[in-house]
A.B. asks: 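I have a structure I would like to understand better, so I am pasting it below and will then ask my questions one at a time.
Atoms considered below: every heavy atom in the structure, side chains included; atoms not considered: hydrogens, waters and symmetry mates.
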Amino acid sequence: MSIADDARFWNRTARKYAKGRISDEAGYERTLERTRALLKPNDRVLELGCGTGTTAIRLAGGVKDYLATDISAGMITIAEERKHAAGSFPNLVFSTATAQTLEPGPQPFNAVLGFNYLHLVRDLPGTVKHIHSLLTVHGLFITKTPCVGDMNPLIRLVLPAMRAIGKAPYAGVFSAAELCRHIGVGGFDILAMEIHATRGNDNRPYIVAQKVS
């Protein structure tokens, strides 16, 4: 499978995905609250892998500018529909893009968010380094993503079979320790690593990292 295949997968499943429920509402609210506390009113924020826009709509009101992106045009269409239904968000823009398709500009972002995102990228070290290039000095990279390497080994066996029949997108296998190492090598200091799940460790650490170089 290729990146184009991944985009087609998410386009096919976008409407079904949009109907799904958040499995841990309390954990999700904890993540929103923690993230909101880290963002400032004058911040320019980039969200990668925004899906159908739920998180973007919840957070955009507290910052100056919010660009929410996803690889799937189908997801972005639904995000635009939800934005319209939610009311006026002049500072919130949805766009079909990935980290690598965004170029550093004269106004770098103060924060980059990636929730349930990093395990879906094919070049984790390259993605982290590119995120680094999009941030202002001392900017924050905030992520919470499944660390498949810490999960039941059976999952690692099932994923390739599901991908082969088109039932799953690409998913990288790394542990939380490996993820932290990639973030550090990518030019960040990790300020915090937390678990927001309400039912034990769901192997999705919430990580706050700061650009240091």
A.B. asks: Check residues 106-120 and write down every donor-acceptor pair under 3.5 Å in which the side-chain atom is one partner and the other belongs to a residue at least two apart or another chain.
C.D. replies:
residue, atom, partner, partner atom, Å
N110, OD1, R44, N, 2.7
N116, OD1, R204, NH1, 3.2
H119, ND1, T145, OG1, 2.8

A.B. asks: Side-chain contact test, heavy atoms from C-beta onward, threshold under 4.5 Å: evaluate it for W10 versus Y17 and give yes or no.
C.D. replies: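 Yes, their side chains come closer than 4.5 Å.
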A.B. asks: Please walk me through it: do D5 and Y170 pass side-chain contact (heavy atoms from CB on, under 4.5 Å)?
C.D. replies: CA-CA 9 Å; D5 292 321; Y170 171 85; over 6 Å; no
A.B. asks: Just distance, no hydrogens or angles: give the donor-acceptor pairs under 3.5 Å from side chains in residues 32-39, sequence neighbours left out.
C.D. replies:
residue, atom, partner, partner atom, Å
R34, NE, E194, OE1, 3.2
R34, NE, E194, OE2, 2.8
R34, NH2, E194, OE2, 2.8
T35, OG1, T31, O, 2.8
T35, OG1, Y206, OH, 2.8
R36, NH2, R58, O, 3.4

A.B. asks: Should side-chain heavy atoms under 4.5 Å link Ile, Leu, Val, Met, Phe, Trp and Tyr, which residues sit in the same cluster as V137?
C.D. replies: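 Hydrophobic cluster check, V137: no partners found.
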A.B. asks: Do L59 and E47 pass the side-chain contact (heavy atoms from CB on, under 4.5 Å) test, and can you show the C-alpha distance, the side-chain angles, and the key distance before you say yes or no?
C.D. replies: CA-CA 10 Å; L59 294 177; E47 183 183 349; 5.8 Å; no
A.B. asks: Partners of R15 by side chain to side chain contact (heavy atoms under 4.5 Å, CB included), sequence neighbours excluded?
C.D. replies: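 Side chain to side chain contact (heavy atoms under 4.5 Å, CB included) check on R15 returns T77, I78, E81.
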A.B. asks: In Å, rounded to the nearest 0.5 Å, how long is the span from SG of C147 to CG of L179?
C.D. replies: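 Reported value, rounded in 0.5 Å steps: 5.0 Å.
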A.B. asks: Looking at side-chain heavy atoms only, is the closest gap between D123 and P125 below 4.5 Å?
C.D. replies: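 Yes, close enough: below the 4.5 Å cut-off.
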A.B. asks: Which pairs pass ring-ring contact (aromatic ring centres under 6.0 Å, His included) with one or both residues in residues 63-102, sequence neighbours excluded?
C.D. replies: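 Of all non-adjacent pairs touching residues 63-102, none passes ring-ring contact (aromatic ring centres under 6.0 Å, His included).
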A.B. asks: Is it the case that one hydrophobic cluster holds both I142 and V45, taking links as side-chain heavy atoms less than 4.5 Å apart, direct or via other members?
C.D. replies: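 Linked, I142 and V45 end up in one cluster.
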A.B. asks: Check whether any side-chain N or O of D70 sits under 3.5 Å from a backbone N or O of G51 as a donor-acceptor pair, and report yes or no.
C.D. replies: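 Side chain of D70 to backbone of G51: a pair is present.
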A.B. asks: Kindly give the heavy-atom pair with the smallest separation between D150 and N203, and that separation in Å.
C.D. replies: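 Shortest heavy-atom contact: CB-OD1, 3.5 Å.
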A.B. asks: First locate atom CD1 of I76, then atom OG1 of T52, and finally report the distance between them rounded to the nearest 0.5 Å.
C.D. replies: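 Here the rounded value is 9.5 Å.
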A.B. asks: Quick one, T96 and S72 - any side-chain contact, counting heavy atoms below 4.5 Å?
C.D. replies: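 Heavy-atom side-chain distance check fails, nothing below 4.5 Å.
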A.B. asks: Is there a donor-acceptor pair closer than 3.5 Å between any side-chain N or O of K211 and the backbone N or O of H132?
C.D. replies: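 Side chain of K211 to backbone of H132, a donor-acceptor pair under 3.5 Å: yes, one is there.
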A.B. asks: Taking a hydrophobic cluster as the set of Ile, Leu, Val, Met, Phe, Trp and Tyr residues connected by side-chain heavy atoms closer than 4.5 Å, whether directly or through intermediates, do I71 and F9 fall within one such cluster?
C.D. replies: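 Same hydrophobic cluster.
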A.B. asks: Please report the interatomic distance OG1(T54) to CZ(R82), rounded to the nearest 0.5 Å.
C.D. replies: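 So the gap between those two atoms works out to 4.0 Å.
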A.B. asks: Hydrophobic clustering (ILVMFWY, side-chain heavy atoms < 4.5 Å, transitive) - are M193 and L124 grouped together?
C.D. replies: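 Yes, L124 connects to M193 through the hydrophobic network.
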A.B. asks: List in chain and number order the residues that pass side chain to side chain donor-acceptor pair (under 3.5 Å) with T136, two or more places apart in sequence or in another chain; answer none if no residue qualifies.
C.D. replies: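 Checked T136 against side chain to side chain donor-acceptor pair (under 3.5 Å); zero matches.
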A.B. asks: So do V121 and L48 actually touch side chain to side chain, heavy atoms under 4.5 Å?
C.D. replies: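 With C-beta onward as the side chain, the pair stays apart.
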